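No hydrogens, no waters, no symmetry mates; every other heavy atom, side chains included, goes into these values. This chain uses plain numbering: 1 for the first residue, then up along the sequence. Not measured: the values here are computed from a predicted model.
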Amino acid sequence: MNGAVEACIVTGANLGQPLGIVMLNADAAKRAEDSTQRQAMEVSLSAHLDAINAKLDPHEQLDCLVVVSEPWTIDNGFITPTFKIRRNRIEEAYAGQFERWAGKHQRVVWHQA
């Protein structure tokens, strides 16, 4: 896993290719506020995506990584009290964006809440 990533899911059952949604760790999220560091992080995440896709069959390969700015917490329902990701809650929150994100044809998409 990329060191900047705190948590991630793969989703997009109704898309041509799945996509990855990632939440950065607190340090990486802070660094991403600086445009130069954000650009370097994007290069790193894109390289990570290439490494992941190289191990997958073509139909399994991720179209893009979407970096979300909203932290996944117990309070907002994205994480359980035992710190497991609630996939259904995350998909419910972001499903309306899936096609738009995929349609951007970018390796890394930054989503601001």
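At most 12 heavy atoms of other shown residues, nucleotides or ligands fall within 6.0 angstrom of atom CD in Gln39. Atom CG of Asn88 has more than 12 heavy atoms from other residues, nucleotides or ligands within 6.0 Å. Few gaps surround NZ on Lys104; more than 12 heavy atoms of other groups in view lie less than 6.0 Å from it. The environment of CD in Glu99 is sparse: at most 12 heavy-atom neighbours from other residues, nucleotides or ligands sit within 6.0 Å.
For the atom pair His48 NE2 and Ser46 OG, the distance stands at 11.0 Å (nearest 0.5 Å). Taking CG of Leu62 as the reference point, atom CG of Asn53 lies at 5.0 Å (rounded to 0.5 Å). The CZ atom of Phe78 sits 4.5 Å away from the OH atom of Tyr94 when rounded to the nearest 0.5 Å. For the atom pair CZ of Arg31 and CE of Met41, the computed distance is 4.5 Å after rounding to the nearest 0.5 Å. Rounding to the nearest 0.5 Å gives a distance of 8.0 Å between CG of Leu49 and SG of Cys64.
Hydrophobic clustering, with ILVMFWY side chains joined whenever heavy atoms are under 4.5 angstrom apart, groups Met23 together with Phe98. Residues Ile90 and Leu19 share a hydrophobic cluster, clusters being chains of Ile/Leu/Val/Met/Phe/Trp/Tyr side chains in contact below 4.5 Å. Following chains of ILVMFWY side-chain contacts shorter than 4.5 Å, one cannot reach Leu24 starting from Ile9, and the two form parts of different hydrophobic clusters.
When side chains are defined from C-beta on, Asn2 counts as touching Leu45, because their heavy atoms get closer than 4.5 Å. Side-chain contact between Val108 and Val67 is present, with at least one heavy-atom pair separated by less than 4.5 Å. A heavy-atom distance below 4.5 Å is not found between the side chains of Val22 and Val66. Proximity of Val68 to Ile21: side-chain heavy atoms (C-beta onward) are separated by under 4.5 Å at one or more points.
Between Cys8 and Ile85 the shortest heavy-atom distance is O-CD1, 3.6 Å. The two atoms that bring Arg86 and Pro81 nearest to each other are NH2-CD, 4.1 Å, heavy atoms only. Closest approach of Ile52 and Leu56 over heavy atoms only: O-CG, 3.5 Å. Nearest heavy atom pair, residue Ala32 against residue Arg38, reads O-CB, 3.3 Å.
Using a distance-only test at 3.5 Å, with no hydrogens or angles considered, a donor-acceptor pair links the side chain of Asn76 to the main chain of Thr73. Proximity of a side-chain donor or acceptor of Arg87 to a complementary backbone N or O of Val10 within less than 3.5 Å is detected.
Side chains of Glu42 and Trp110: a donor on one and an acceptor on the other come within 3.5 Å.
Remark: Glu92 engages Arg89 in a salt bridge (charged side-chain N to carboxylate O under 4.0 Å, His left out) (not counting sequence neighbours). Residues that satisfy the side chain to side chain donor-acceptor pair (under 3.5 Å) test with Gln61, not counting sequence neighbours, are absent from this structure.
Residue pairs satisfying the salt bridge (charged side-chain N to carboxylate O under 4.0 Å, His left out) criterion with at least one member in residues 51-77, sequence neighbours excluded, are absent.
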